[in-house]
Every structure is written in structure tokens, then in C-alpha cells.
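The block underneath contains the structure these notes are about, expressed in C-alpha cells.
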Amino acid sequence: MEAGSSLRSSNGHCEGLTSSVPELPEVETVVRQLDPLVRDRCVKQIRLFDPLLGKPRVGAARGRRVVSVLRVGKQVVFALDGGQVGHRVASLWLSVHLRMTGRLLWCPSAPRAAVPHLRARMTLDRGCVQFVDTRRFGTLSVHSSVTELEGDGLDPTHPNFTVEVLTDLLQRGSGAQSIKTWLLRQDRLVGLGNIYACEILFEAGIDPAQAAGRLRPKQIGRLHTATVDVLQRAIANCGTTFSDFQDARGVTGSYQQFLKVYQREGRACPQCRTAVRRIVQQQRSTFFCPRCQRRARTCTLR
DNA sequence: ACCCTCCTGTCA
DNA sequence: TGACAGGAGGGT
């Protein structure tokens with residue numbers, strides 16, 4: 001288990017946190033850590049080291065100032081200020097998607113040693129950000145408009161995310177799709193991955209196999225609350241899945257206590273002590289408590 | 001709406 | 001050696 005966060009460093013070489021797969025809270029944490037470090041610094045150059053990244057037009061970033069670092073869904077986005085594009089001035093948006101194992105490492109000075117799995121480096125007028133990614137699933141892209149980066153999904157941390165909106169989303173042609181699979185759809189809600197989908201459903205007491213379109217109002221209410229709460233708590237914990245500092249600063253992560261069902265097959269449900277079960281949905285593991293997450297009974301009897 | 005694939009490291 | 005981990009885009 002590793003990957004996902006941004007790293008600060010004090011003494012010339014990179015260091016940082018390891019975490020599991022970056023989902024919304026982890027990306028939010030990366031963004032919050034990175035923003036004050038790179039804001040107002042100028043891009044000297046961006047170098048790509050991995051042909052799998054393709055040929056994004058990173059040259060256009062040269063000389064621009066980082067206005068801010070923000071999160072768009074699960075993407076880390078560097079907003080760069082206006083620069084010359086042809087004969088007019090335009091802003092530029094540099095997006096990094098960490099996918100499975102991507103990390104963004106902050107180096108306050110020139111990197112000393114070669115970093116394994118280094119895929120790209122953005123050198124600023126002081127310091128640099130290195131994109132490291134063992135599995136190489138991550139992506140890097142350059143855009144002239146931030147709307148290009150925004151999909152159709154709603155960010156569940158946004159105030160617009162209400163029970164009413166969630167109800168609408170669930171009814172928008174979800175058909176028989178299971179709620180677990182539905183939560184992973186980035187065209188409905190953005191930012192959830194396998195870990196938080198499992199945790200949220202546990203928190204809401206909903207059977208992951210239940211059809212998304214057939215949740216009852218009470219369940220939708222619990223799902224909404226659970227989504228907001230779990231994400232909020234995770235963000236407050238700086239991502240929750242952070243396990244340790246790479247250079248042993250003595251900080252131990254909180255994710256073992258945080259995750260209640262994910263990767264806990266056979267272990268006791270923290271609520272009822274029933275053994276947590278694992279099933280496979282869409283070729284992905286789903287962990288749940290068969291007792292706390294029972295399907296709502298369709299009350300045909302009286 | 002489903003299954004496969006991309007990729008590499010870890011574990012049994 | 002092979003199963004497994006999974007975000008997301010592509011194919012069917």
C-alpha cells in the first residue's frame with residue numbers, strides 16, 4: 001500500500017508520506033499542502049521522463065506564475081496565470097491525475113538523487129515538484145480552460161450536494177446498477193474510489209449490492225449524511241490513508257482506525273462483531289458487514 | 001451496463 | 001508462478 005500524497009522536505013531531498021490510492025480526501029490534502037509551497041512561484045520548465053505521458057504541451061507553462069493549486073474531482077490542478085499564447089494572453093491549467101500510485105513530491109531545492117519512478121518534474125524559480133508514479137497510470141495534461149477538466153459529476157464536498165440533488169442523481173437512469181458501482185461513477189459524484197465507497201456504504205448501513213435506483217428516501221438520507229461525514233472526517237485527518245512518513249518523523253497514520261470494513265475481510269465488524277465479508281463487483285473488491293448492511297425489506301407483508 | 005486493459009509491486 | 005490491487009477509458 002503506497003502512493004498518493006504530496007511531500008514536504010527540509011533538507012534538500014524529498015521526503016513524505018505514503019498512502020493508499022488517492023481518492024478525494026487524499027487529493028484534497030495534496031492540494032492543501034502544495035498550494036502554499038508553490039503559489040506565486042514561476043515555472044522555469046517542465047520536463048517529462050515517461051513516454052506514457054504522451055506529449056502534453058508543457059512548454060506553454062514556461063515563465064508563468066502559479067496562481068493556485070486546486071482540486072477538480074480527483075485531479076490536482078495548477079492554475080497558471082496569463083501568458084502569451086499566439087498573439088493573445090490566456091491562462092493555463094496543468095492537471096495531474098494520480099490514479100493509483102501517483103505522488104507529487106515537493107523539493108525545496110534541486111533534487112539530489114534520482115527518484116525511482118520519476119515521470120515528470122516541474123521546476124520553479126525556487127524548488128520543484130516531482131511526479132512519481134510506480135504503476136504509471138497517472139496522467140498529466142495541459143488545458144486552456146478549467147471547464148475542460150470538469151466532468152459531469154458533482155463534487156460531494158460542495159454545498160450543492162444536498163439530499164434532494166442526490167435523490168435526483170440516483171434516479172437519473174441508474175437502473176439496476178448496484179449502489180456500490182454507482183458510487184464509483186465519476187459522472188454522478190466525483191472523487192469516490194473503492195475505499196471510500198465501501199466505507200460510506202458501511203456508515204450508511206446500505207447493502208452494496210442494492211440497486212441504486214431503488215434506494216428508499218431514508219436510505220438516501222443516510223447515504224448523503226455518510227458521504228458528507230466520511231469525506232469530512234477523512235479530509236480533517238489529512239487523507240486518513242496516510243500511513244507513515246517516509247523518513248520516520250515519528251508520525252503514524254490514522255487510517256487503520258479510520259477504515260472500518262475496507263480490507264478487513266473476516267474481521268469483526270466494529271458495530272456488531274459479525275465477520276466482514278468481501279464480494280467482487282465490477283472486478284473490484286467490496287467489503288461490507290452482512291448484518292449492518294442488509295437490504296431494506298420490500299414490505300409486501302403486513 | 002458490462003468486461004478488459006493499461007502498469008508494477010507484493011504476497012501466498 | 002499467478003493472483004491481486006484499482007481509476008478510468010475503450011470496446012462490445
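We name chains A, B, ... by the order of the sequence lines, and we start the count at 1 in each one.
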Excluding L149(A), membership of its hydrophobic cluster (Ile, Leu, Val, Met, Phe, Trp, Tyr; side-chain heavy atoms within less than 4.5 Å) reads L70(A), V72(A), V77(A), W93(A), V146(A)

Would you say Q282(A) reaches dC2(B)'s phosphate, i.e. side-chain N/O to OP1/OP2 under 4.0 Å?
yes

CD of Q130(A) to CG of L104(A): how many Å apart, nearest 0.5 Å?
10.5 Å

Whole-Å distance between dT8(B) C1' and R103(A) CZ?
14 Å

Is it the case that one hydrophobic cluster holds both I279(A) and L259(A), taking links as side-chain heavy atoms less than 4.5 Å apart, direct or via other members?
no

Along DNA chain B (nearest heavy atom to each residue), the more 5'-positioned of T181(A) and H117(A)
T181(A)

CZ of R136(A) versus P of dT5(B): gap in Å, rounded?
18 Å

Applying the side-chain hydrogen bond (donor to acceptor under 3.5 Å, both in side chains) criterion to N194(A), which one of R284(A), E199(A), K180(A), Q281(A) satisfies it?
K180(A)

For the pair R99(A) (side chain) and D133(A) (backbone), establish whether a donor and an acceptor sit closer than 3.5 Å, ignoring hydrogens and angles.
no

Do H224(A) and F161(A) have ring centres separated by under 6.0 Å?
yes

Nucleotide-resolved protein contact map, nucleotides 5-11 of chain C, B/S/- at heavy-atom distance under 4.0 Å:
BBBB---

